[in-house]
Amino acid sequence: MNEKAVKTRFAPSPTGALHLGNLRTALFNVLLARRHGGTFLLRIEDTDRERYRPEAAEALMADLRWLGLEWDEGPGCDGGLGPYCQHDRGGIYAEYYRRLEESGAAYSCFCTPRELELARRAQRAAGRPPRYPGTCARLSADQVAARLEAGERPTLRFRVPPGREVVFEDLVHGPQRFATDDLGDFVIRRGDGTASYLFANAVDDALMGITHVLRGDDHLTNTPRQALVLEALGLTPPRYGHMGLMLGHDGAPLSKRNGSRSVADLRGEGFLPEAVLNYLARVGHAYEEDRLLDLDRLAAGFDAGRLGAGPSRFDAVQLRRWQGEAVQAAAGDRLQAWMGVDDGVPADRIAAFVEAIRPNVLFPAEAREWAEILFGEDPPWEEEALKAVREAGPEMFAAALAAVEASGARMDAITARVKEQTGTKGRRLFLPLRAALTGRCSGPELQPLAPLMGPEGVARRLRRARRVAEEDAGESAC
RNA sequence: GUCCCCAUCGUCUAGCCGGCCUAGGACACCACCCUUUCAAGGUGGCGACACGGGUUCGAAUCCCGUUGGGGACGCCA
């Protein structure tokens with residue numbers, strides 16, 4: 001792309017939570033703008049009063065901010081081309097509707113939803129494509145006036161010119177060509193006077209100076225309609241790039257059932273924004289670098305020409321992989337806040353605690369489990385751990401206890417003593433100790449864990465293990 | 001039904017104008033190494049050009065068809 005000023009946008013409709021699929025298109029538009037030093041605009045497409053949810057727009061913006069996807073222009077960030085909520089743009093649209101009506105490019109349609117539905121059903125049944133039959137396309141001015149007089153509330157329909165071809169160059173698909181004869185006349189203004197998507201979205205892109213739009217493949221066939229509207233208005237359309245949709249892990253459209261989650265869900269689970277971003281940036285786009293990249297580097301490596309045309313599937317395993325990278329890379333104090341273990345970990349040991357468990361946790365919930373294991377009074381046993389302790393026998397823990405009395409909570413002293421007195425080594429040495437101290441067979445390195453628990457904590461756990469091992473010995477003796 | 005899009009390892013993908021591909025990487029998986037445990041790390045392995053025709057000296061790469069998936073055809077966006 002060599003255009004001077006690239007301007008992209010994200011234009012969600014506030015009908016619900018921001019989901020992974022939408023977020024990905026937002027991300028790519030941010031990346032494209034940043035890559036070229038351009039601007040990224042946010043526009044709220046809230047023309048549908050039926051589905052509009054007032055809190056959704058705020059939530060959406062909060063989600064974008066959480067991810068670091070700030071907009072250069074949009075709500076709360078006036079660039080002189082607002083307003084940026086379509087609900088507030090009715091006055092602007094009115095002028096363009098007037099022009100379309102005047103030139104005959106649009107006409108009033110009095111068909112009711114019921115009639116239209118019936119017509120569509122009949123067409124389908126007859127094996128024909130369901131398209132507006134043109135019932136109102138040739139109403140005379142008098143007829144229209146009379147029906148308006150009678151109180152009918154028509155929609156405004158765009159008159160698709162017959163026998164033409166609309167051609168455009170898609171950023172990811174290359175040259176595209178559509179016959180207007182395959183397009184039915186479509187509604188550009190609802191009966192209640194609000195603007196429909198096909199109209200508002202296209203007009204606003206042009207009015208707001210958008211140069212590039214990256215959107216889902218599902219919009220590819222909308223493009224010729226939008227191009228026609230803009231052409232009739234003498235406005236310049238942006239260049240479009242339609243990327244393959246992100247599907248669920250089963251290949252079906254993304255839904256709750258097959259992996260789709262909202263940004264709010266992800267945040268609630270403890271996903272780090274950079275993990276989400278790094279994952280999504282690689283779905284439908286490839287990076288040379290397969291390590292965690294910040295937004296600037298993600299932008300630097302972004303190339304709209306490398307966007308995939310084919311669909312891709314959501315994969316939770318890969319998302320988790322990036323989460324792992326993000327946790328390892330995060331600064332200690334941020335991780336501390338993220339873990340939220342201030343209540344369960346003594347203040348003077350919290351920093352060391354964070355570093356000790358960092359390699360072994362993906363989510364705050366796991367951090368809290370480790371806090372409970374290390375600092376709780378009576379941490380729970382895992383079955384395998386209990387087994388390991390019983391098999392080890394009480395002598396091992398007695399020896400460990402002696403080491404703690406002599407040298408404190410030091411793993412090296414403990415293992416040396418136990419090895420010396422019982423002759424165990426390797427897995428048979430470490431596993432029972434790990435089990436005794438943590439109640440688990442796997443986890444963070446023991447070396448830094450012991451000092452965190454302190455001599456008292458270590459001793460208490462060793463006594464508990466010895467007791468359990470003794471009970472077991474007694475039982476077997478019977 | 002009409003129109004449109006897509007098709008490389010299990011997943012994300014590299015492969016853009018055909019030869020440098022006995023198809024590369026990452027994640028996952030498996031094995032080994034390392035570490036007196038688990039994990040991390042290191043090394044290696046498993047593993048794909050949907051199918052059928054063309055074009056060509058030569059095709060994953062170009063063309064056609066088949067199959068499969070997706071989308072649009074809404075007073076949703």
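In what follows, every heavy atom counts, from backbone to side chain, and hydrogens, waters and symmetry copies are set aside. All chains are named by letter (A, B, ...) in the order of the sequence lines, taking the proteins before the strands, and each is independently numbered beginning at 1.
- The interatomic distance linking Ile414(A) (CD1) with rU36(B) (C1') rounds to 15 Å, in whole Å.
- Among the nucleotides rC73(B), rC38(B), rG25(B), the one closest to any side-chain atom of Ser442(A) is rC38(B).
- Remark: C1' of rA39(B) and CD of Glu382(A) are 14 Å apart, rounded to the nearest angstrom.
- Atom CZ of Arg131(A) is separated from atom C1' of rG1(B) by 10 Å (rounded to the nearest Å).
- At a threshold of 4.0 angstrom between heavy atoms, the contacts of Glu50(A) with the nucleic acid are absent.
- Among the atoms of the strands shown, base atoms are found under 4.0 Å from some heavy atom of Thr155(A).
- Taking side-chain N and O atoms only, His219(A) has no distance below 4.0 Å to OP1 or OP2 of rA72(B).
- Taking only side-chain nitrogens and oxygens, Ser196(A) never comes nearer than 4.0 Å to OP1 or OP2 of rA77(B).
- Judged by distance alone with a 3.5 Å cut-off, no donor-acceptor contact links the side chain of Asn201(A) to the base of rA77(B).
- Among the atoms of the strands shown, none is found under 4.0 Å from any heavy atom of Arg215(A).
- For the pair Glu420(A) CD and rU36(B) P, the computed distance is 18 Å after rounding to whole Å.
- The nearest whole Å value for the distance from the CD atom in Glu445(A) to the P atom in rG41(B) is 14 Å.
- Using P as the reference atom, rU67(B) and rG58(B) are 29 Å apart when rounded to the nearest Å.
- The separation between Arg321(A) atom CZ and rC27(B) atom C1' is 6 Å, rounded to whole Å.
- Contact annotation for Arg157(A): backbone-only contact, meaning every heavy-atom pair under 4.0 Å involves sugar-phosphate atoms and none involves a base.
- Side-chain atoms of Arg128(A) and base atoms of rU2(B) include no donor and acceptor less than 3.5 Å apart.
- Here the P atom of nucleotide rA72(B) and the CG atom of Asp181(A) are 22 Å apart, to the nearest Å.
- Summarising the geometry, the separation between CG on Asp290(A) and P on rG24(B) is reported as 16 Å, rounded to the nearest angstrom.
- Leu429(A) comes within 4.0 angstrom of a base, heavy atoms only.
- In this pair, Tyr240(A) and His242(A) present their aromatic rings parallel. The plane angle is below 30°, not in the 30 to 60° band.
- Nucleotides rG19(B) and rC73(B) place their P atoms 41 Å apart, quoted to the nearest Å.
- Ion pairing of Glu420(A) with Arg417(A) is absent here, as no side-chain N (NZ or NE/NH1/NH2) approaches a carboxylate O to less than 4.0 Å.
- For the OP1/OP2 pair of rA77(B) and a distance below 4.0 Å, the side-chain nitrogens and oxygens of Thr47(A) include at least one atom meeting the criterion.
- Among the atoms of the strands shown, only primed sugar atoms or phosphate atoms (P, OP1, OP2) are found under 4.0 Å from some heavy atom of Pro311(A).
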